[in-house]
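Everything below concerns the one structure shown next.
Computed over heavy atoms, backbone and side chain alike; hydrogens, waters and symmetry mates excluded. Every chain is numbered from 1, with letters handed out A, B, ... down the list of sequences.
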Protein chains: 2
Amino acid sequence: MPATIRDVARASGVHISTVSRTFSAPHLVNSETRLRVLACAENLGYRPNRAARALITGRTHNIGLIVADIANPFFPPLIKAAESQARHRDYHIFVADTNEDPAAEEDLVHALAKQVDGILLCSPRMSNSLIEQLSREVPLVVINRQVTGLPAVVMDVGQGARLAVEHLTGLGHRELALLGGPRGSWTSREIRRAATAAARSADAALTVLGPNPPTEGGGTAMAEQVRRAGATAVLAYNDLMAIGLIEGLDTLGIRVPQEVSVVGIDDIALSRLVRPKLTTVATPTAAAGRTAVDMLLQHDSAAAHRNRGGNRTVAADDRRTTAQVMLQTELVIRDSTGPHRPATLGRNGSAATTTTADPGPHSPADPGNTAAVNPEAVAS
Amino acid sequence: MPATIRDVARASGVHISTVSRTFSAPHLVNSETRLRVLACAENLGYRPNRAARALITGRTHNIGLIVADIANPFFPPLIKAAESQARHRDYHIFVADTNEDPAAEEDLVHALAKQVDGILLCSPRMSNSLIEQLSREVPLVVINRQVTGLPAVVMDVGQGARLAVEHLTGLGHRELALLGGPRGSWTSREIRRAATAAARSADAALTVLGPNPPTEGGGTAMAEQVRRAGATAVLAYNDLMAIGLIEGLDTLGIRVPQEVSVVGIDDIALSRLVRPKLTTVATPTAAAGRTAVDMLLQHDSAAAHRNRGGNRTVAADDRRTTAQVMLQTELVIRDSTGPHRPATLGRNGSAATTTTADPGPHSPADPGNTAAVNPEAVAS
DNA sequence: GTGAAAGCGCTAACAC
DNA sequence: GTGTTAGCGCTTTCAC
């Protein structure tokens with residue numbers, strides 16, 4: 001039923017190779033002929049079969065995008081941007097979800113390898129060495145992870161974490177907590193590293209809690225531990241966890257930001273919608289998606305000369321374009337962070353803070369304190 | 001570099017067709033031979049090239065999923081469910097984003113047609129007749145739309161809208177507004193139809209405002225009009241618009257639910273996270289994704305006998321499995337709806353509400369008024 | 001500028 | 001049970 005190149009050839013009275021050229025190398029065909037062929041193709045509804053074409057050219061014009069969890073609000077903007085960029089360049093995109101399972105990542109790469117020109121590996125949880133090995137099977141661009149020798153685009157979460165910690169210590173907080181992300185997350189390690197360093201510089205204590213699932217529930221579950229740790233300010237692996245934590249704290253009768261300040265990371269759309277609006281580190285996820293596609297495709301131009309029976313030096317050659325891009329992050333201060341207020345009532349291990357909205361004056365024993373501010377007034 | 005069927009054949013000393021059978025019809029090959037072939041394949045890292053296979057079998061084992069906006073929180077759970085279900089059945093899934101553009105939908109269907117076994121058309125904005133026409137090119141399953149003769153899975157938003165209106169009128173509201181969705185949306189039409197009918201049954205007035213973009217901004221932008229319409233209760237096309245509307249009303253100094261009740265549709269994750277928590281109609285989006293994949297694949301089993309040069313009755317035959325599934329919805333009552341409270345101060349055309357939190361008495365010219373309440377007290 | 005022929009990786013009759 | 005042969009729809013030498 002669907003028209004083939006042969007149908008068009010017959011209809012326009014030329015050989016199939018001329019039809020082929022009309023579509024893949026138009027300049028090689030007489031413009032009169034070309035117009036005729038195009039007309040026939042048009043009214044037969046002919047479209048080149050890309051799979052068949054790929055069989056011989058070695059380029060599928062498809063890209064794979066592997067993410068940990070499509071439903072995690074961090075990913076959709078990235079997926080959308082990648083898809084959009086890909087399509088502008090006439091590529092289609094396979095999306096696959098690993099459910100945070102490292103084994104699934106590997107399977108997926110294998111399964112997709114043959115039908116794509118490359119794969120975007122988003123926040124992978126598997127080991128660097130495995131990634132490297134897989135990259136010999138199919139061109140890979142890694143997002144949110146640095147693996148030596150492979151093209152990657154990462155967000156500078158280290159800088160973001162530093163900014164966040166400085167913001168917190170600047171508000172007078174000295175007992176910080178960090179809610180770690182999932183095991184195997186490069187981002188989580190970077191955050192931890194930078195946050196630890198920044199806390200030390202500011203003479204603040206930082207308790208690391210985790211690893212945790214990168215979800216709202218993961219955050220909520222840690223509320224009790226945050227309280228036990230006596231932290232007055234918390235940096236979470238991502239916004240979802242931060243929001244979950246705020247809910248958990250609320251359940252414990254601990255108010256944010258009056259008693260505890262909370263900072264998230266990512267600046268997902270949700271962050272402006274919850275109350276208090278979340279202070280967070282904005283990561284350029286859409287840009288990451290676009291950039292990754294561009295890198296893959298540039299990379300891919302080289303890979304196109306697939307070595308039909310050739311030696312394997314080609315694979316090595318491809319790597320020469322390898323680059324690692326680091327995207328800037330920035331701190332967005334909203335309403336979930338505020339100045340440190342030492343508890344004035346008892347301080348018997350568990351921070352004894354009243355649940356009532358009572359922003360009375362406190363003993364400014366901590367260094368770096370700023371003037372007290374009515375939390376209500378800040379709700380912008 | 002990647003191993004081909006021929007490499008495996010050579011390594012295991014059999015003909016390529018035996019290798020082929022080992023993978024596509026294992027029972028047809030001697031178990032000893034099979035084991036040997038499998039072993040060779042294994043250590044050559046051979047995997048059948050699905051595109052090449054598709055060329056001859058006519059089945060790509062790929063599915064297309066076309067949505068209006070990946071970043072709209074309504075879609076990710078659906079995409080995730082569809083992807084998961086597809087992969088369980090050994091299918092990969094192309095995801096494409098139309099940016100709410102009907103023309104893009106058509107292009108995408110054409111572009112994807114050849115490399116998929118079928119397409120899931122999600123909340124399409126194009127005309128029924130075009131959809132029908134496209135379905136002759138590639139098997140289609142439509143989600144959130146009913147088009148005669150085509151398999152579809154829809155959410156029963158009509159019932160949901162009715163429930164929502166009944167809830168609202170039950171609370172004493174008599175001046176309702178409906179925030180319509182995007183032009184071309186079947187769902188929007190269904191909601192409008194059901195809401196109108198339900199309002200009439202309850203002797204309530206319903207002002208329809210729209211069409212609107214199905215986004216937060218779309219909702220925010222309508223706050224002023226809602227006020228002008230004098231509505232005390234609003235049903236929005238989706239949660240995003242409902243949330244946006246609440247923000248917009250807040251800016252106008254109108255409190256939800258004290259002065260205006262708002263109901264959304266979809267029950268996206270966000271709805272429980274905003275304050276006030278959103279009353280909404282829960283739609284089973286994940287189930288819709290799964291079901292649509294199942295329908296497509298069942299449908300596809302028939303389509304597999306692609307008519308190589310055959311007549312076109314096959315296409316007609318495929319249609320016999322056509323079914324339309326309607327998924328139940330349910331009203332989730334949270335905190336954005338409350339009893340009608342007649343304004344007691346002036347009513348000079350535009351509902352005169354002060355921006356300061358000053359719930360003073362008003363002249364009760366409007367019908368159906370109840371007592372005033374301190375807005376602060378309700379914010380749970 | 002166009003046609004002829006070979007072949008991408010694979011499956012599907014059909015022999016044996 | 002396995003080998004042979006013919007192609008799926010297309011691109012790409014190579015002649016002419």
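Spacing between atom CD of Q115(A) and atom C1' of dG9(C) amounts to 13 Å, rounded to whole angstrom units. Y46(A) places its OH atom 10 Å from the P atom of dG9(D), with the value rounded to the nearest Å. To the nearest angstrom, C1' of dC10(D) lies 6 Å from CD1 of I56(A). Spacing between atom CD1 of I16(A) and atom P of dA6(C) amounts to 13 Å, rounded to whole angstrom units. Regarding R53(B), its CZ atom lies at a distance of 13 Å from the C1' atom of dA12(C), rounded to whole Å. Here dC8(C) presents its P atom at 18 Å from CD1 of I5(A), a figure rounded to the nearest Å. We find that CZ of R36(A) is positioned 11 Å from C1' of dT2(C), with the value rounded to whole Å. Look at CG on N49(B): it is 16 Å from P on dC10(D), rounded to the nearest Å.
Contacts of R6(A) with the nucleic acid, taken as non-hydrogen atoms under 4.0 Å apart, include base atoms. Within 4.0 Å of V14(A), counting heavy atoms only, lie sugar-phosphate atoms of the nucleic acid but no base atom. Residue R47(A) is in sugar-phosphate contact alone, with no base atom involved, counting any heavy-atom pair closer than 4.0 Å across all strands shown. Here T4(A) lies in heavy-atom contact (under 4.0 Å) with sugar-phosphate atoms only. Across all strands, F23(B) comes closer than 4.0 Å to no nucleic acid atom at all (heavy-atom distances). T18(B) comes within 4.0 angstrom of the backbone, heavy atoms only, and of no base.
The side chain of S17(A) has dG3(C) as its nearest neighbour among dG9(C), dT11(D), dG3(C). Of all nucleotides listed (dG1(C), dC10(D), dT11(C)), dG1(C) comes nearest to the side chain of N30(A).
One can find a donor-acceptor pair under 3.5 Å joining the base of dG3(C) and the side-chain atoms of R21(A).
Looking at Y46(A) and D7(A), their side chains never come closer than 4.5 Å, going by heavy atoms from C-beta outward. Between F74(A) and N144(A), some side-chain heavy-atom pair lies under the 4.5 Å cut-off.
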DNA chain D in dot-bracket, Watson-Crick or G-U pairs under 3.5 Å, [ ] crossing, | other strand? ||||.|||||||||||
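Comparing the P positions of dT5(D) and dA6(C) gives a spacing of 16 Å, expressed to the nearest Å.
R183(B) pairs by the salt bridge (charged side-chain N to carboxylate O under 4.0 Å, His left out) definition with nothing, not counting sequence neighbours.
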Run R36(A) and E32(A) through salt bridge (charged side-chain N to carboxylate O under 4.0 Å, His left out) and show every step you take. CA-CA 6 Å; R36(A) 185 154 37 91; E32(A) 251 179 66; over 6 Å; no
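Tested against R50(A), the residues T57(A), D90(A), T60(A) include a single side-chain hydrogen bond (donor to acceptor under 3.5 Å, both in side chains) partner, D90(A).
A salt bridge is defined here as a Lys NZ or Arg NE, NH1 or NH2 lying under 4.0 Å from an Asp or Glu carboxylate O, and R125(B) with E100(B) meets this definition.
Across the interface with DNA chain D, nearest-nucleotide mapping of K114(B) and L28(B) shows L28(B) to be the residue nearer the 5′ end. Along DNA chain C, the nucleotide nearest to H15(B) and the one nearest to A52(B) differ in position, and the one closer to the 5' end is contacted by A52(B).
Residues G64(A) and V116(A) come closest through the heavy atom pair N-CG1, 3.6 Å.
Dashed line: the shortest gap from a side-chain N or O of T33(A) to OP1 or OP2 of dT2(C) is under 4.0 Å.
Taking CG from L121(A) and CE from M126(A), the interatomic distance works out to 4.0 Å, rounded to the nearest 0.5 Å.
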